Amino acid sequence: MNLRSYFESFLEILYPEKNTCFICDKYDKEIKDKYICCNCNKKLERLTGNLCKKCSKPINNDTTHLCNECKKDTKFFETVKSPLKYTGLVKKSIYDFKYYDKTYYYKLFGSILLDYMVNNNYMDFDLIIPIPLHKSKLRSRGYNQSELIAKFLSVKTNIKYSNCVKRIKKTNVQNQLSKIKRRQNIKNAFLLTNLHIINNKRILLIDDIYTTGSTINECSKLLIENGAHSVYGLTIARGE
Ligand SMILES: [Zn+2]
Ligand SMILES: [Zn+2]
């Protein structure tokens with residue numbers, strides 16, 4: 001046994017979670033920095049096929065490459081991408097990440113998003129900003145899942161991180177509302193604490209799930225109206 005593998009085995013005794021799947025708890029020495037076993041990885045459904053070039057909604061073949069909503073609605077972001085489909089094990093894992101204190105899942109989702117950014121050449125940004133939680137929600141949950149992922153991505157990509165967007169309006173739970181209600185609910189929900197930092201910058205917004213897009217759109221509107229060059233989005237998963 002060489003010194004390196006000796007040291008690695010020593011670390012495994014100290015930190016048994018290394019090489020243990022985050023999702024099913026199975027030990028597999030191939031896991032390494034992927035955080036999950038290949039069985040669970042296969043069960044995380046990827047978002048593929050024909051997608052709207054703006055919001056990534058699955059669409060039929062269409063020469064405009066836009067979904068019906070993006071054809072008629074104003075979107076303040078350039079495009080929003082998601083590597084995963086919000087269904088099955090993806091849905092359950094995101095739920096566990098947010099509501100079951102599985103804070104460490106940020107590494108799993110962070111690395112999935114990082115791979116996606118690298119493989120899709122989705123890297124040309126000046127600033128990474130997480131979608132914020134209202135301070136009352138932050139207090140009860142203890143952490144903002146999007147912030148953990150945004151910081152992870154910033155460290156790995158060397159793109160500057162900022163939390164200059166704050167949520168000033170306590171909003172109702174978005175996924176229980178209709179599309180129109182969601183829009184009203186999120187209107188004027190955000191505030192910028194630093195105008196200088198966003199000026200003429202290409203911004204990547206990070207959120208956990210994209211559903212109707214009203215949250216990312218409202219946040220993008222604020223950034224664009226205050227001098228950002230352009231806004232892009234990246235979420236773990238997308239609903240259909
Ligand atoms: Zn597993
Ligand atoms: Zn669209």
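In each ligand, atom 1 is the first atom listed, and ligand 1 is the first ligand listed. Computed from a predicted model, the values in this text were never measured in an experiment.
For Glu45, the salt bridge (charged side-chain N to carboxylate O under 4.0 Å, His left out) test picks out Lys85, with sequence neighbours left out. Listed by chain and number, the residues in a salt bridge (charged side-chain N to carboxylate O under 4.0 Å, His left out) with Glu218 amount to none (sequence neighbours excluded).
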Would Lys160 and Asp126 satisfy salt bridge (Lys or Arg N to Asp or Glu O under 4.0 Å), going step by step from the backbone distance to the final call?
-> CA-CA 6 Å; Lys160 199 177 154 108; Asp126 305 307; over 6 Å; no
| query | side-chain contact (heavy atoms from CB on, under 4.5 Å) between Tyr161 and Glu147: does it pass, once the steps are laid out? | reply | CA-CA 10 Å; Tyr161 168 87; Glu147 187 181 308; 3.0 Å; yes
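The Zn ion (ligand 2) has Cys52 SG, Cys55 SG, Cys67 SG, Cys70 SG as its protein N, O or S neighbours under 2.8 Å. Protein N/O/S atoms found under 2.8 Å from the Zn ion (ligand 1): Cys21 SG, Cys24 SG, Cys37 SG, Cys40 SG.
Using a 3.5 Å distance cut-off with no hydrogens or angles, the side chains of Ser56 and Ser82 do not pair a donor with an acceptor.
Because its NZ or CZ atom is not both nearer than 6.0 Å to the ring centre of Phe97 and within 45° of the ring axis, Lys102 does not count as a cation-pi partner of that residue.
Under 4.0 Å is where a charged nitrogen must lie from a carboxylate oxygen, and between Asp96 and Lys91 no such pair does. In this structure, Lys75 pairs ionically with Glu69, as a charged nitrogen and a carboxylate oxygen lie closer than 4.0 Å.
Summarising the local packing, CG of Asn60 is surrounded by 12 or fewer heavy atoms from other residues, nucleotides or ligands at distances under 6.0 Å.
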